[in-house]
S.K.: 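Have a look at the structure that comes next, please.
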Amino acid sequence: MSDDRYPFQEVEKRWRNWWHENEIHDVDLDTDEEKCRYILVMFSYPSSSKLHIGHWWNYAPTDSYARFLRMNGYKIFEPMGFDSFGLPAENYAIKVGTHPKQTTEESIEFIEQQLDEIGAMYDWRYKVVTSRPEYYRWTQWLFLKLYNHGLAYQKEGLINWCPSCQTVLANEQAEGGECERCHSTVIQRKMTQWYFKVTEYADKLLEGLDEIDWPESTKKRQQNWIGRSEGANIKFTLEKSPDKYIETFTTRPDTLFGVTYVVLAPENDLAIECAEKYSDTPEQLQEVKDYIQRSMQTNEVERTSTTREKTGVFTGAYAMHPLTGKRLPIWVADYVLGSYGTGAVMAVPAHDQRDFEFAEKYELPIQVVIRPMDGLLEAEEMREAYEGPGIMMNSEQFSGVRSEDGKKVIAEKLQKLNLGGPEITYRIRDWSISRQRYWGAPIPLVHCEKCGAVPVPESDLPVLLPDEIKEYRPKGSSPLGALSDWMDTTCPKCGGQARRDPDTMDTYVCSSFYHLRYLAADDHEQPFHAKRMKKWLPIHTYVGGPEHSTGHLIYFRFITRFLHDIGLVPVAEPAQRLIHQGIITHAGSRMSKSKGNVVNPDTFVANYGSDVFRMYLMFMGDYSEGGDWSDEGITGVDRFINRIWRLATRLDGMNVDDTFPVKGDYTDDLYRTLHRTIEAVGSDLEGFAFNTAISRIMELINATYLWIGEKEDAATFKALGRLLKVVARLIAPLAPHFGEEIWHRLGGEGSVFDQSWPEYDPKAMVAETITLIVQVNGKVRDRIEVPTDADQETLKTTALASEKIQEMMQGKQLRKAIVVPGKLVNLVIG
RNA sequence: GCGAGCAUGGCGGAAUUGGCAGACGCGCAGGACUUAGGAUCCUGUACCUCCGGGUGUGAGGGUUCGACUCCCUCUGCUCGCACCA
């Protein structure tokens, strides 16, 4: 390593210390400043003590963006904290055989140091750590608020159970029937659990999507996840017990006359009841029981596979058609889900493919009631269901009505008969939040024999998670349940004997309000800080992975809206703009230990420095698309930094004034490039286009090298110094230590991050001449220098006057000339 | 199965939204400096070529004076959703 190399080790350490000592990153949350922006990146969970490349990819560019805004005159709040409760932290503790509190606190300390190495502007005075009592006190407070507003409730129901993690999972954590953490197959279990009524907010969450600047794909995913369906609720009374009925939900009430049977989900308790009490053929009971037993054991993935052949059994009972009174056999089949709608459907084989397949298999009748607008439909000739719109037929007085209108009319008719009516159903389920694990916020509730479930009074919060626990490993029920000292308590209502709720809360509860808590992290008296929220919310830009689209990003919108509705938070939507980071691959595939292609940031930070490492990450590709890591590629950024370094060190000992570069001191070309670069870097950074921002600065430096050549005179150096002072500001957000170093080396006063972003002059970006492209029949044939302000006619005649063009025109006719001012002339000849 | 996105040199990737394809970087080649160069600086680098030019943005077609960009068909990859009634 030669002497003139940029000494990043010393420089980076020096500036980090200087920033800390001079409180450069401290933000005054109570400022009166108007221009304030809250920039947030999703916090990390300390599952070990090392930052991986994904963390860098997430945090460094976000920080660069925040620094850029700061230089544009904004006060920036860019906090960081730790999502330290939950499975990753706990599993790590179990792996190393140490108490989770200890491993978590140690990890946090290490990670904090490593985060510091990134050189981000975090103001650690506003750190949140979700596993500390001063934080989870408010997690519990939130639970009580939801409880008091009727949005937290307890019920027995089927839940997702991960046999390996030994805990309940929310639907969002068990997508595809797999545990989000360990990828074990999730099984269904009946348990009593606490739920938050996110379903109550389904419509509000959908509507809110229109107001926010989030990726369309993410909005779509949330829409699908919430899954709003408009339709009707229809009741089918039981033949043998007319006061009882089966409730179904359908989006196609217009097909009601085509119902030929009714299907119950195996989970529906009516199934056994029908077979037991209302069956014509009671001997089938055992068969029904066996079927239900079997399908309950089938796992979710298998059961919901679309390719699987449908199965079912007849219960022996019949229901009555609400309008015709016809007898309809009641079946049990597992293609009907217990968790959606009412857990029962009216089957219309002619107009629903699933019912069609089932009817074919079990030889149930197919009744056509909708015909296409311009055709006929015969049941005997059908190969598949007709699911399109059309005209109602075989539907008594409704025949001839268009199916779209029929939906409404039928639903209204049923409402009059008190046999149903219009209904909206959602796919989203209430959020189950009880976890049978140790490392989480205890649910602030006690169970009293006399009074039932009683919330812990707010003044008694936090309900501390006991440290003294021998066995915190999961065992199927909460480890806290075995701590009788902790479990036994008195009822806050009657003072009698009571037991605590042994479960802890899902960590998504912790992260559902952390963005609000950051703003009051120094305040231990109240959960939120009204004045600061008014100033700083909503989050201007929120950065995190797309994998949180239907988890955290729904919960944190839900909780923010809830708190807004009860008047505690000034905004309904937490984040105005959302940006997803892409995935960093290596050698073309995702990094994983098993593939052995994991890139360790520490190695590269040690060899090239934090700035070069973060800048190469940003240079690799589009932020939202990610990029492919290359061990060789990083040398390009390293060279680039050193090229600037060598220019700057030429000026050592020289006094550089603060004058902005003056036109005549450079070649016109370089001067123009300077202004163009300032403009482009600014707009690129605003749009998170770090890769092109960096390449622009590279171009400027390349042009500077060509301009300076061997020149060493004082005037040139003076001009170079002024130019580099602009470069220092341009590069500072991307390479903070380096930017600060260059700034000071050139005699800059104060932190470079307190300087204003350089201004460009639009006039200076325009050259006096442009290269006119002359095309013949769409192909480039000549390039001519012309004055920038030449009018269309001049451009045309200039093009026609070209020798090359004259040659090509020999014996041909000019048919048309398209002139694009400032760009090209296309001559159509033939 | 349904839906979305993507496909550009040896490689990572640009392209002001219909107007010079390949910016910037890696790699490679040549030159300069040098005891030396795996440092640095400069030049070149899509492909073919009879040196006139011709061909090129996954494949095929279309719209247009003009298409990486818009439309249709197909192929491949990535990611969602997946019996939601």
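Proteins come first, then strands; the chains are lettered A, B, ... in the order of their sequence lines, and each starts at number 1. Nothing here was measured: the structure is a model prediction, and the numbers come from that model.
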S.K.: Would you classify A:R781 as touching base, sugar-phosphate or nothing, given that sugar-phosphate means primed atoms plus P, OP1 and OP2, and contacts are heavy atoms under 4.0 Å?
M.R.: sugar-phosphate
S.K.: A:P349 and A:A385: which non-hydrogen atoms are nearest, and at how many Å?
M.R.: O-CB, 3.6 Å
S.K.: Has A:R643 got its NZ or CZ under 6.0 Å from the middle of the six-membered ring of A:Y705, at an angle within 45 degrees of the ring axis?
M.R.: yes
S.K.: Pick the closest RNA chain B nucleotide for A:I634 and for A:I818 by heavy atoms, then say which residue is nearer the 5' end.
M.R.: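 The answer here is A:I634.
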S.K.: Regarding A:Q775, tell me which of base, sugar-phosphate or nothing describes its non-hydrogen contacts under 4.0 Å with the strands shown.
M.R.: base
S.K.: Kindly say whether A:D638 contributes a backbone atom to a donor-acceptor pair with the side chain of A:N642 at under 3.5 angstrom?
M.R.: yes
S.K.: Under 30°, 30 to 60°, or over 60°: which ring-plane class applies to A:Y608 and A:F604, parallel, tilted or perpendicular?
M.R.: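 Ring orientation, 0 to 90° scale: parallel.
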S.K.: Would you call the rings of A:W331 and A:Y362 parallel, tilted or perpendicular if under 30° counts as parallel and over 60° as perpendicular?
M.R.: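 The arrangement is tilted - the two ring planes meet at 30° to 60°.
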S.K.: Kindly give the atom pairs (protein nitrogen or oxygen, nucleotide nitrogen or oxygen) under 3.5 Å for nucleotides 8-13 of chain B.
M.R.:
unit_1: B:G12; atom_1: O2'; unit_2: A:M620; atom_2: O; d: 3.2

S.K.: At under 4.0 Å between heavy atoms, which parts of nucleotides 40-50 of chain B does protein reach? Answer with one letter per nucleotide, 5' to 3': B base, S sugar-phosphate only, - none.
M.R.: SSSS-------
S.K.: In the structure shown, which nucleotide is the Watson-Crick or G-U wobble counterpart of B:U69, with both distances under 3.5 Å?
M.R.: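 None - no nucleotide pairs with B:U69, as no candidate has both distances under 3.5 Å.
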S.K.: Is the glycosidic angle of B:G9 within 90° of 0, making it syn, or outside that range, making it anti?
M.R.: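 This nucleotide is in syn.
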S.K.: Looking at every strand, decide which applies to A:V637 at a 4.0 Å heavy-atom threshold: base, sugar-phosphate, or nothing.
M.R.: nothing
S.K.: With both distances kept under 3.5 Å, what pairs with B:G9, Watson-Crick or G-U wobble?
M.R.: none
S.K.: Base, sugar-phosphate, or nothing: which does A:R221 touch, judged by heavy atoms less than 4.0 Å apart?
M.R.: sugar-phosphate
S.K.: So which one's nearest nucleotide on RNA chain B is more toward 5', A:K220 or A:D355?
M.R.: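 Nearest nucleotide further toward 5': that of A:K220.
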S.K.: At under 4.0 Å between heavy atoms, what does A:T251 touch on the DNA or RNA strands: base, sugar-phosphate, or nothing?
M.R.: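 Sugar-phosphate: the residue A:T251, judged by heavy atoms under 4.0 Å, touches backbone atoms but no base.
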S.K.: Do the side chain of A:D684 and the main chain of A:A693 share a donor and acceptor less than 3.5 angstrom apart?
M.R.: yes
S.K.: Between A:Y335 and A:K310, is there a cation-pi geometry (under 6.0 Å to ring centre, at most 45° from the normal)?
M.R.: yes
S.K.: If you look at every heavy atom in A:R252 and A:M346, which pair is closest and at what distance?
M.R.: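 In this case the closest contact between A:R252 and A:M346 is O-CE, 3.7 Å.
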S.K.: Any side-chain heavy atom of A:R783 within less than 4.5 Å of one from A:L772?
M.R.: no
